[in-house]
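What you are looking at is a predicted structure, and each value in this text was computed from that prediction instead of being measured.
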Amino acid sequence: MPRRLLPTLVALVLGLAGLAVGLGYLHRIFAAEREDARASLRSRREALEQYARASLGQALREGLEAARGTLAAAKEDPLVATPGLYLREQGEQVLPRLARFDTAGDAIAKDRYARLRAGTEVADEDEGPWKERLERMALVEQALKAKDRRATLLSLMALLEHRARFVLASTRDVPSLLVVLEDVAARGDVVPDLMRGLVRDGLLDGQGGGRLEGLQRLLLLKRSRFTPEDFGFLRAKVVALSQRVGVPVADFEARANELAATPLSLPEAVLEPVLTRSGWYLEPLQGGDVRGLAVDLPGLLTGLTREMRERGLLEADGRVALPGDAPVLTLASLPVAVVSSAWARGEDALESRYRLKTWMLALCAALALVIAALSFVAQHRKYRFLELKSDFVATVSHELRTPLASIRLLAETLEWRVAEGADAKDYPARIIREADGLGFLVENLLSFNRIDKGRWVPKLAPVRLDELVSHLRRDLESGAPVPVELTADVDARELNADAQLLRLLLANLARNACAYNTRSPVRLHVQTLSGGRVHFTDNGTGIPTAEWERVFGEFYRLSGRDGREVPGSGLGLALCRKIARLHGGTLRVASSSPEGTTFELTLPEYRPEARSIA
């Protein structure tokens, strides 16, 4: 048989190998499709992130560009408000403005103001400009006392001209100018525009040298020359003077209050536009200078998210974020992330499709293996069936030939003895026994074929088991090849069965017990139990435990003790089990040993009440 199965096995192996190659190629195609879909999803995500990065960068640049004019004005004018602006020049923070005061000296300006107001301020011999300034201040004071408006104006202009020509220390210049303007405001009738310029806006020096700043701007510009005490004192005086002459002081007070104690903690080296997580956008200028703009980073991201949703670029739950914890981010490579459940759903959908396709491939492979195995088993069973068929034909031919030869020999011998007048009393009985054996074999074959093809419909009727045992005893007395002792422990119980089939079942069990037995006599015992069970026990050679189920297979025959050949067709026990199942019952080996075997037959009992109801 292995040689017969070799071509089938080779064909199956080659077919499975080809199928494996095809399935592997399909799996690679599915994997490539998944990667392509992932790449497409990743590309769309990267495109959205690039769009968000460009939009965010454009918003930052436009915001800083819009503040360019304010930055330029605030650099020159200390009264200009600089909300959220940053400027660093030559390594020093210009904006936001810092409260840089002189912390090393005493309140020089405050003391000088007191001396100027008391008239006790004097100049040393080497302080020529300061001495001249004091003289011009005295002229203004004299004109004011004389209430000479023209003289007051001329002396004041001379003082201003001297201020333009000579730059004095701020601790002298500011208090002296403050004292003069306070006196003018208190005693003189000066042109309002002139006072406004001197207190706040400033004046052109008239000599092309620049601009003379007003007191408000001058105090803010020169704040680093004063101690905190001086600055606070002069600030209060300037506010009082401004209010007296009707000059606004709100912006002056606001700028003074905005002075920061410490510089902002921002990157020292800014080589390209950057964004800090603390909320500043910075751009480098020439010479290492830096300008910047305070930004509401969460607000920008929220606005960008809203815009992308309105454009249909984001799902309702999508948002733009800046992941990571780096404190400084370069604008060109902002780590913008577009967070959306669409990505997770897309990935899940891809994985689901890929898993489904993979499972389909695995299922195809499993089916192919099952089909191959079934094909191999079917081919094996086919050849096995052919062998069994061949063996069966040979066995049946032998079984038929043996009684036929015996019948012929006995008949010839009987004819010869009758012709010679010799004694031949036992020959007819022997001929009948052989014919019965031949008939039993044919009946087995016909019954097995009819039951196997489903053409035998049992004629169910109440059958008494003791009657079946009586029939079996008569059959064994007339046709058993060896002495048989049959005992029974049965009651008057009735089974709902086909009497002919049950008689054939018991006969096969009995003949099988006789065939596989080396004892004399052969002892058989039939016993009824509860639940429609019947035990059939013999004293034969026994059945190995591993063979308890196989003995009921078609054409299966056990070897006798010591390997001797046992006559038979291999259909007896198979036919017995088919008869039991045809009745809705069972037949099994209940126990077996070298001392004998017990078969347990279970059949439905006959119930008269069920028949009457029907």
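- The two residues G318 and R309 have their closest heavy-atom pair at O-NH2, 2.6 Å.
- With no hydrogens or angles considered, no side-chain donor-acceptor pair links Q50 and E46 at under 3.5 Å.
- Electrostatic pairing of R34 and E351 counts as a salt bridge here, judged by a charged N lying under 4.0 Å from a carboxylate O.
- Around NZ of K75, the count of heavy atoms belonging to other residues, nucleotides or ligands within 6.0 Å does not exceed 12.
- We find that E347 and R38 are joined by a salt bridge, their nearest charged nitrogen and carboxylate oxygen being less than 4.0 Å apart.
- Applying the ring pair (Phe, Tyr, Trp, His ring centres under 6.0 Å) criterion to H27, with sequence neighbours excluded, gives Y354.
- When every heavy atom of C364 is checked against every heavy atom of L23, the shortest pair comes out as CB-CD2, 4.2 Å.
- Using a 4.5 Å heavy-atom cutoff, the side chains of L334 and L275 are in contact.
- For the pair E33 and I29, the minimum side-chain heavy-atom distance is below 4.5 Å.
- A salt bridge links R311 with E307: at least one charged nitrogen is closer than 4.0 Å to a carboxylate oxygen.
- Under the 4.5 Å side-chain criterion, counting only non-hydrogen atoms from C-beta, E283 is not in contact with V290.
- Looking at L573 and F552, their side chains come closer than 4.5 Å, going by heavy atoms from C-beta outward.
- No side-chain heavy atom of F536 sits under 4.5 Å from any side-chain heavy atom of L601.
- Nearest heavy atom pair, residue L64 against residue L293, reads N-CD2, 3.6 Å.
- Residues D475 and R503 are paired through a salt bridge, judged by an N-O separation under 4.0 Å between the basic side chain and the carboxylate.
- Between L282 and P267 there is a side-chain heavy-atom pair separated by less than 4.5 Å.
- Considering every non-hydrogen atom in both A342 and E315, the closest pair reads CB-CG, 3.7 Å.
- Contact check on R42 versus E49 returns no salt bridge, with no Lys/Arg side-chain nitrogen under 4.0 Å from an Asp/Glu carboxylate oxygen.
- Looking at L322 and L329, their side chains come closer than 4.5 Å, going by heavy atoms from C-beta outward.
- Heavy atoms only, all atoms of each residue included: R277 and P323 are closest at NH2-O, 2.8 Å.
- Qualifying side-chain hydrogen bond (donor to acceptor under 3.5 Å, both in side chains) partners for D317, counting only residues two or more places apart in sequence or in other chains: S341.
- When the shell of 6.0 Å around CZ of R319 is examined, it contains 12 or fewer heavy atoms from other residues, nucleotides or ligands.
- Between G57 and L331, the shortest heavy-atom contact is CA-CD1, 3.7 Å.
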